[in-house]
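We count ligands from 1, going down the list as the structure has it; atoms in each ligand are counted the same way.
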Amino acid sequence: MSIHYFSEVFRAMDDPYLKARHEDIQHLGNKIFNAWRGNNDAAKALAGIDGPVVLVGEMVSVSDIAAIPVEYLAGIVCFAGSGLSHTGVLANAMGVPAVMGVGDFCSLQGGEQIIVDGDDGRIIIQPSKAVVREFNKLITKQQALSEKLSELHDQPATTMDGHRVRLFTNTGLLADITPGLKNGAEGVGLYRTEIPFMIRDSFPTEDEQVNVYQQVFAAYAGKPVYIRTLDIGGDKQLPYFPITNEENPALGWRGIRFSLDNVQLIMTQVRAMIRSAEDAGDLHILLPMISSTNELDTFIKLLDDACAQLSSEGFAIRRPKVGVMVEVPAAISQLPFWAKKLDFISIGSNDLSQYLLALDRNNSRVADRYDHLHPAVLHEINRIVKVARAHDLALSLCGEMASDTAAVILLVGMGVRTLSMSAAKLPSIKWAIRSLSVAKAEAVLQQALTLENVSEIRALLAKNIAELEFSELVH
Ligand code: PEP
Ligand code: MG
């Protein structure tokens, strides 16, 4: 019986979650097959690639992405998912063009030439010479714009009327640490620890985690680093610990819920984070998917225990700052209760939009309805910013919204002064902030808050972006 046979058994199941596990079977089967052929790791086969490649699959896995030298990863195409799926988000963080949710097509044999147009969300298979020429011209134009933007590297993101905005980067793979620094990131606003967990075959030990996190602190020496506790579940599965049998994985055993139910796991991770910051790292611990006081209190107690343990073991540690992701809508009205216990909050606009709009961020069928500029999302984010201000709570935003120039105008208008985004988007966002005044952003925001349709909001913002200097720098 073949890998294909077992994979199809899963694909035929009624339970959507089990059905989706056919990919894991395929993945695992391929690994076993490669080992049997004497090639003991499929990842090694990918690492043998020595020229530009486009990865194509139902849902390209994080371990496949990590296995390819980043300079050769020219693009990613997934039959399923959407731009907000974690594969899409990771591609964005690495500056790799990705097109998600293209639907199944079996005609590819491998070896074809393929254009992946991440800006317009389209792919062209075996393009004509004329089309290749056009795309090469576009690439040259974009490179020229990037060079222009790189002149801003040492300039602060300060608005025309003197308000400073801090720009951080989102990372998770060691390969995407350098681009953030190269593009002038002032810190790491979101380190997604699930990524180093996902590219392994088993849970990393405390020392292995210390080794990974220390590299982040070393690269960002003296700068703030926000490390998020393990955020698995939903479309983020560990190959060695799949969470199956859930009707609604996005509402299931995810983020902090999973971690608090696995105390040894979270204790190991928290100890590793604190130890890795021992040499003056500015550690901020960020908690994903928090929705209740009980979860927060349980975590704080665990953190206290971790600090006490490490001190008694002789480590010269400092208590890290603690903050929560505001991404489950229930967290919003809880913030006044939590303010005294927290050092900061970070808005996770990807999941916050998903849960406010009840739109699955991974479902290509509803991807065109998902928009973080939906009026309901904007009004809620505005409310979060006001609550944070009233309680003197430091606030940042680390969802994909921070990479969207149109959204950034509104966020600056609301008073958001720390944004964390993919490294590749940092220069154009810096340019936009430097071309903007807070007075103007506030006026645009007031107008946007009176609109009831996302299309009207996008049109208003497009008009305002077009009026900014160098508006061609925004894609
Ligand atoms: C978010 O939800 O906005 C976020 C930043 O976290 P992730 O995309 O990893 O779920
Ligand atoms: Mg999230």
Side-chain angles (χ1 to χ4, degrees), residues 59 62 65 81-94 98 100 167-173 176 180 187-199 225-238 243 249-259 284-291 295 323-332 344-363 367 370-374 377-378 380-381 384-385 395-404 407-408 411 416 418-423 425 429:
M59 182 55 77
V62 170
I65 295 174
S82 79
L84 265 294
S85 299
H86 285 91
T87 298
V89 169
L90 179 61
N92 202 4
M94 297 172 77
M100 309 288 297
L167 301 186
F168 290 171
T169 191
N170 296 346
T171 78
L173 269 183
D176 65 13
V188 173
L190 171 61
Y191 183 85
R192 290 182 165 99
T193 56
E194 54 279 6
I195 297 177
F197 275 67
M198 285 160 97
I199 58 178
V225 174
Y226 294 43
I227 305 192
R228 186 169 71 182
T229 60
L230 191 65
D231 185 19
I232 56 161
D235 72 329
K236 289 186 281 195
Q237 293 285 332
L238 299 178
I243 299 170
L251 306 181
W253 211 27
R254 291 198 51 182
I256 198 72
R257 304 167 186 175
F258 174 84
S259 295
H284 295 59
I285 297 185
L286 186 51
L287 307 176
M289 300 291 295
I290 284 266
S291 61
E295 289 165 345
V324 297
M325 302 275 297
V326 183
E327 54 185 352
V328 177
I332 305 173
F344 67 97
I345 58 172
S346 187
I347 301 175
S349 55
N350 305 338
D351 277 317
L352 185 62
S353 307
Q354 152 163 271
Y355 296 124
L356 280 172
L357 303 175
L359 281 171
D360 181 351
R361 63 189 271 192
N362 303 307
N363 186 337
Y370 179 107
D371 195 325
H372 47 227
L373 290 187
H374 187 292
V377 179
L378 292 183
E380 287 308 304
I381 293 183
I384 298 167
V385 177
L395 173 144
S396 61
L397 184 141
C398 63
E400 293 302 290
M401 210 172 170
S403 305
D404 175 356
V408 166
L411 295 170
V416 177
T418 306
L419 295 167
S420 191
M421 67 205 73
S422 58
K425 289 288 164 62
I429 295 297

Ranked by distance from atom 7 (P) of ligand 1, the top protein heavy atom is H86 NE2, 3.4 Å
To check your reading of the model: name the closest protein heavy atom to atom 6 (O) of ligand 1, its residue, and the distance in Å.
R228 NH1, 2.9 Å
Ligand 1 atoms in contact with [X] (distance to a heavy atom under 4.0 Å):
X	result
G399	3 (O), 5 (C)
M325	4 (C), 5 (C), 6 (O)
L190	5 (C)
R361	2 (O), 7 (P), 8 (O), 10 (O)

Considering distance alone, does some N or O of K236 sit under 3.5 Å from an N or O of ligand 1?
yes
Evaluate E194 for polar contact with ligand 1, using N/O atom pairs at a separation under 3.5 Å.
no
Do any N or O atoms from the side chain of S82 and from the backbone of R361 form a donor-acceptor pair under 3.5 angstrom?
yes
So, D231 side chain and M289 main chain: donor-acceptor pair closer than 3.5 Å or not?
no
Separation of [Y] [atom2] from [X] [atom1] (nearest 0.5 Å):
X	Y	atom1	atom2	answer
I429	S422	CD1	OG	8.5 Å
T87	N92	OG1	CG	12.5 Å
F344	I285	CZ	CD1	8.5 Å

Which atom name does D351 have for its N/O/S atom nearest to the Mg ion (ligand 2)?
OD2
Would N350 and E327 satisfy side-chain contact (heavy atoms from CB on, under 4.5 Å), going step by step from the backbone distance to the final call?
CA-CA 8 Å; N350 305 338; E327 54 185 352; over 6 Å; no
Quick check: does E327 have an N/O/S atom under 2.8 Å of the Mg ion (ligand 2)?
yes
In sequence, state the C-alpha distance, the side-chain angles, and the governing distance for F258 and I232, and then conclude on side-chain contact (heavy atoms from CB on, under 4.5 Å).
CA-CA 8 Å; F258 174 84; I232 56 161; 3.5 Å; yes
